[in-house]
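Counting convention: from 1, in listed order, for ligands and their atoms alike. Excluded from the calculations below are hydrogen atoms, water molecules and symmetry mates; all remaining heavy atoms, backbone and side chain alike, are included.
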Amino acid sequence: MTAAPLRLGVNIDHVATVRNARGGQRPDPLRAAQLAIEAGADGITAHLREDRRHIHDDDMTRLKEAISKPLNFEMAATEQMLDVALKIRPHAVCLVPEKRTERTTEGGLDVVAGRDRLAPFVDQLHRAWIHVSLFIEPSEDAIAAAASLGAPVVEFHTGAWCHAIEVGDLTLAEREFERIKRATALASARGLECHAGHGLDYETARRVASLPPIVELNIGHFLVGEAVFVGLAESVKTMRRAMDEGRAAAAR
Ligand code: PXP
């Protein structure tokens, strides 16, 4: 099977985290977004949090106006965020949990218990021609609930897998990877577009790139952290290469 091209969405939230640590304008997340695009990013992801701890409203506006690639707006399902998204009209919105009551133990959006509350958000974004994705854990129940909500995209939370690798629990890591693999097959069989993200580094991105149904990875913290040592253009280029190598190995 030939896998579809794999897009890299670069999340620039933590450029804003550094800016906000001092206040003022620098480093500018828009400059980071433009640099990431020049280095090979296929899109830019930014999360407008309810407490505005990193990205601010006018960052989203500036990103939407200035970048040459799609903007993926991550947000909690609240009326206030919906108003901002409908005003900015990004290419895509990824609904993510912010409050503890909205998330599962693994950190994904609780689409099973929250189904009725989420439905009007998916519907209104959809009617505004915004591509909606739901950030869910790789489970069958979550996939079924996401499909019943009519969202065209699911983004699988890779945090549990990446964390297991980080703490050296390789048995758990393999189990988590198998869950992601199975979830991508189930979701794509239901016609859902599959994305993945959270906690990815070069090695985990390379591995997850080998799963043919996944067409987009959203990666932020690691790339911005590496940028301190090698520069953002270099960390994005190295990530792009790792993803392409993982994808090519899967096709062989
Ligand atoms: N995808 C989603 C939906 C996210 O909320 C985030 C940020 O938390 C990411 C991807 C990127 O995660 P990270 O910064 O760990 O790479």
Side-chain angles (χ1 to χ4, degrees), residues 6-18 29 32-33 36 41-51 53-55 59-60 70-78 81 85 90-100 102-104 106-111 118 121-122 125 130-138 142 146 151 153-166 176 180 183-184 187 192-209 214-228 232 235-236 238-240 242-243:
L6 180 59
R7 299 188 296 268
L8 168 60
V10 173
N11 180 317
I12 41 81
D13 290 349
H14 297 303
V15 176
T17 303
V18 175
D42 302 290
I44 295 299
T45 295
H47 184 175
L48 187 65
R49 296 193 72 113
E50 289 182 76
D51 63 5
R53 76 177 69 154
H54 36 59
I55 293 294
D59 292 325
M60 278 293 187
L71 174 64
N72 175 29
F73 182 143
E74 293 178 350
M75 59 174 239
T78 67
M81 284 299 155
H91 169 80
V93 160
C94 181
L95 292 177
V96 301
E98 281 201 21
K99 296 192 183 69
R100 203 177 300 181
E102 294 172 296
R103 70 171 71 111
T104 60
E106 285 178 43
L109 190 61
D110 191 350
V111 276
L118 292 166
F121 290 93
V122 175
L125 290 163
I130 296 170
H131 218 50
V132 187
S133 79
L134 301 172
F135 188 40
I136 61 171
E137 66 179 80
V153 184
V154 285
E155 177 162 330
F156 289 115
H157 197 305
T158 50
W161 172 51
C162 294
H163 182 69
I165 293 175
E166 204 173 323
E176 289 295 335
I180 296 168
T184 60
L192 293 164
E193 182 175 314
C194 297
H195 300 179
H198 200 90
L200 295 171
D201 61 13
Y202 298 137
E203 285 317 308
T204 44
R206 188 193 309 272
R207 177 110 195 261
V208 84
I214 295 185
V215 296
E216 180 172 309
L217 300 181
N218 285 301
I219 310 177
H221 185 266
F222 175 78
L223 289 174
V224 173
E226 276 300 288
V228 171
L232 186 62
S235 68
V236 170
T238 308
M239 182 57 79
R240 180 73 265 175
M243 287 166 53

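- In this structure, the separation between CG on L8 and CG on L217 is 7.0 Å, given to the nearest 0.5 Å.
- Applying the 6.0 Å contact sphere to NE2 of H131 captures more than 12 heavy atoms from other residues, nucleotides or ligands.
- Checked by distance only, ligand 1 and H221 come closer than 3.5 Å through their nitrogen or oxygen atoms.
- Among the atoms of N11, none of the N or O lies under 3.5 angstrom from an N or O of ligand 1.
- Contact annotation: for N218 versus ligand 1, heavy atoms closer than 4.0 Å belong to both the backbone and the side chain.
- Given atom 1 (N) of ligand 1, the protein heavy atom at minimum distance is E155 OE2, 2.5 Å.
- Residue-level proximity to ligand 1 for E74 is carried by the side chain, the only part with a heavy atom below 4.0 angstrom.
- A salt bridge is defined here as a Lys NZ or Arg NE, NH1 or NH2 lying under 4.0 Å from an Asp or Glu carboxylate O, and D110 with K99 fails to meet this definition.
- Residue contacts with ligand 1: G199 is placed with a nitrogen or oxygen under 3.5 Å of a nitrogen or oxygen of the ligand (distance criterion only).
- Within ligand 1, counting atoms from 1 as listed, the ones closer than 4.0 Å to a heavy atom of I219 are 16 (O).
- Backbone and side-chain nitrogen or oxygen atoms of G220 are examined, and one is located within less than 3.5 angstrom of a nitrogen or oxygen of ligand 1.
- Between the side chains of T45 and N11, not a single donor N or O lies within less than 3.5 Å of an accepting N or O.
- At a heavy-atom distance under 4.0 Å, no atom of H157 approaches ligand 1.
- The aromatic rings of H157 and F135 lie parallel to each other, their planes meeting at an angle below 30°, with 60° marking the opposite boundary.
- The protein atom (non-hydrogen) at minimum distance from atom 12 (O) of ligand 1 is H198 CA, 3.4 Å.
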